[in-house]
Amino acid sequence: MPELPEVETIRRDLLSRVVGRAFSRVRVLPGAERIVRWPSPAEFARTLPGRRIEDVSRRGKYLLFRLSDGRYLIVHLRMTGAILHRPKDAPDDPYLRICFSLDDSSELRYTDVRKLGSVWLVEEPEAIVGKLGPDALEGVTPQTLRSLIEGRSASIKAVLMDQRALAGLGNIYSEEALFLAGIHPRRLAKSLAVGELRRLGEAIREVLLEAMGHRGSSFRDYVDAEGREGQHQRHVKVYRRTGEPCYGCGTPIERIKVSGRSTHFCPRCQR
DNA sequence: CTTATTCCCTGATTGC
DNA sequence: TGCAATCAGGGAATAA
């Protein structure tokens, strides 16, 4: 499940590998048409060849390729998407959905078991990422956190996962940040005190930086641009640790539902 | 404006 | 052991 640390790991991998390269051929494989959200799959595949990749950036969980004609190729991996950079004669990758051939005999291969991911080719990236809140890796001050929770009656976990409030956190890292800050995921967001908001902001930053240091978490499908797994799944404190002892106090980690998502927490350390 | 629910999609896991 | 039901979950769409 690529969240901010996984997408950022891929971005950094791709920077050195594809910036300066041009697309030579683009194929949307049969059955994968739905992944191409804009324009039509045929126009998408026809327009990209000849365009050079000038930069790779990230907003929340979105990857943005700035192209030489000023347009942007935008990719969202959702649950099971991956972007692999391979030599063109490398063995086939399973679940290949879109193949971007580059002008140096390499390929960007978009693979996606469940076909839930999305790609766009647009002139104006704000049309896609404009609704996102501030990036979770930057600008998470107590003041911004306070502005996020104002006028909302949702739980703090729901707010952290709301990409229009804060962009980049999903289930894994919102749970980990709340554990680190000692905050119960069902707490009403607006009930948090200033000190708790400050701790939460620090926890978000710490969790994301540590996960990026481990090149992301590979619980199921996530791999980086070279097809390698991350290591942070070995370091999570609560995510998918139902029944296992809390590293802080030994109490078994519990699993509950919060705003429709399974949620893990320590009932003793997070009140 | 808000929050809650459904849907997408298929491999892995669970339950009988 | 076998097979069907359930689960996983980001975000869009829809309902309330």
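Each chain gets a letter, A, B and so on, in the order its sequence line appears, and its residues count up from 1. These numbers were taken from a predicted model, which means no experiment stands behind them. Just so you know, these numbers use all the heavy atoms, side chains as well, and skip hydrogens, waters and symmetry mates.
Within the structure, the ring pair (Phe, Tyr, Trp, His ring centres under 6.0 Å) test picks out the following pairs touching residues 20-43 of chain A (sequence neighbours left out): F23(A)-F100(A). Within the structure, side chain to side chain donor-acceptor pair (under 3.5 Å) contacts touching residues 188-206 of chain A (residues at least two apart or in different chains) are R187(A)-S191(A), R187(A)-E196(A).
Between the CZ atom of R186(A) and the P atom of dA4(B) there is a distance of 11 Å, rounded to whole Å. The interatomic distance linking I156(A) (CD1) with dT3(B) (P) rounds to 12 Å, in whole Å. Taking atom CG on D162(A) and atom C1' on dT5(B), their separation rounds to 15 Å, with Å as the unit. Here the C1' atom of nucleotide dT10(B) and the OH atom of Y95(A) are 8 Å apart, to the nearest Å.
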N/O donor-acceptor pairs under 3.5 Å from side chains in residues 116-124 of chain A, not counting sequence neighbours:
{"from": "S118(A)", "atom 1": "OG", "to": "R37(A)", "atom 2": "NH1", "distance (Å)": "3.0"}
{"from": "S118(A)", "atom 1": "OG", "to": "R78(A)", "atom 2": "NH2", "distance (Å)": "2.6"}
{"from": "E124(A)", "atom 1": "OE2", "to": "E126(A)", "atom 2": "N", "distance (Å)": "3.0"}

Give every donor-acceptor pair under 3.5 Å between a side-chain atom in residues 233-243 of chain A and any protein atom, sequence neighbours left out.
{"from": "Q233(A)", "atom 1": "OE1", "to": "S218(A)", "atom 2": "N", "distance (Å)": "2.8"}
{"from": "Q233(A)", "atom 1": "NE2", "to": "G230(A)", "atom 2": "O", "distance (Å)": "3.1"}
{"from": "R234(A)", "atom 1": "NE", "to": "Q231(A)", "atom 2": "OE1", "distance (Å)": "3.1"}
{"from": "R234(A)", "atom 1": "NH1", "to": "Q231(A)", "atom 2": "OE1", "distance (Å)": "3.2"}
{"from": "R234(A)", "atom 1": "NH2", "to": "Q231(A)", "atom 2": "OE1", "distance (Å)": "3.2"}
{"from": "H235(A)", "atom 1": "NE2", "to": "H214(A)", "atom 2": "NE2", "distance (Å)": "3.4"}
{"from": "K237(A)", "atom 1": "NZ", "to": "H235(A)", "atom 2": "O", "distance (Å)": "3.4"}
{"from": "R241(A)", "atom 1": "NE", "to": "E244(A)", "atom 2": "OE1", "distance (Å)": "3.3"}
{"from": "R241(A)", "atom 1": "NE", "to": "Y247(A)", "atom 2": "OH", "distance (Å)": "3.4"}
{"from": "R241(A)", "atom 1": "NH1", "to": "K237(A)", "atom 2": "O", "distance (Å)": "2.9"}
{"from": "R241(A)", "atom 1": "NH1", "to": "P245(A)", "atom 2": "O", "distance (Å)": "3.2"}
{"from": "R241(A)", "atom 1": "NH2", "to": "P245(A)", "atom 2": "O", "distance (Å)": "2.8"}
{"from": "T242(A)", "atom 1": "OG1", "to": "H264(A)", "atom 2": "NE2", "distance (Å)": "3.4"}

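Looking at heavy-atom distances under 4.0 Å, Y239(A) makes contact with sugar-phosphate atoms alone, never a base. If you check every strand for non-hydrogen atoms under 4.0 Å, K131(A) touches nothing.
Projected onto DNA chain B by closest heavy-atom contact, R164(A) and R261(A) fall at different nucleotides, the more 5' of which corresponds to R164(A).
Using a 4.0 Å cut-off on heavy atoms, the residues of residues 114-124 of chain A that approach DNA chain B are R114(A), K115(A), L116(A), listed by number. Within residues 73-85 of chain A, the residues approaching DNA chain C are H76(A), R78(A), M79(A), by heavy-atom distance under 4.0 Å.
S105(A) meets the side-chain contact (heavy atoms from CB on, under 4.5 Å) test with K88(A); sequence neighbours excluded. With sequence neighbours excluded, the residues that form a side-chain contact (heavy atoms from CB on, under 4.5 Å) with S101(A) are S24(A), R25(A), C99(A), E107(A). Partners of F265(A) under the ring pair (Phe, Tyr, Trp, His ring centres under 6.0 Å) rule, at least two apart in sequence or in another chain, are H184(A). Here D13(A) pairs with R215(A) under the side chain to side chain donor-acceptor pair (under 3.5 Å) rule; sequence neighbours left out. Not counting sequence neighbours, the partners of E54(A) by the salt bridge (Lys or Arg N to Asp or Glu O under 4.0 Å) test are R66(A).
If you walk DNA chain C from 5' to 3' and mark each nucleotide with an atom closer than 4.0 Å to a heavy atom of chain A, the marks span dA8(C) to dA12(C).
In the model, S147(A) has no side-chain atom that pairs as donor or acceptor with a side-chain atom of T144(A) under 3.5 Å. One side chain, D104(A) or S106(A), offers a donor N or O that lies under 3.5 Å from an acceptor on the other.
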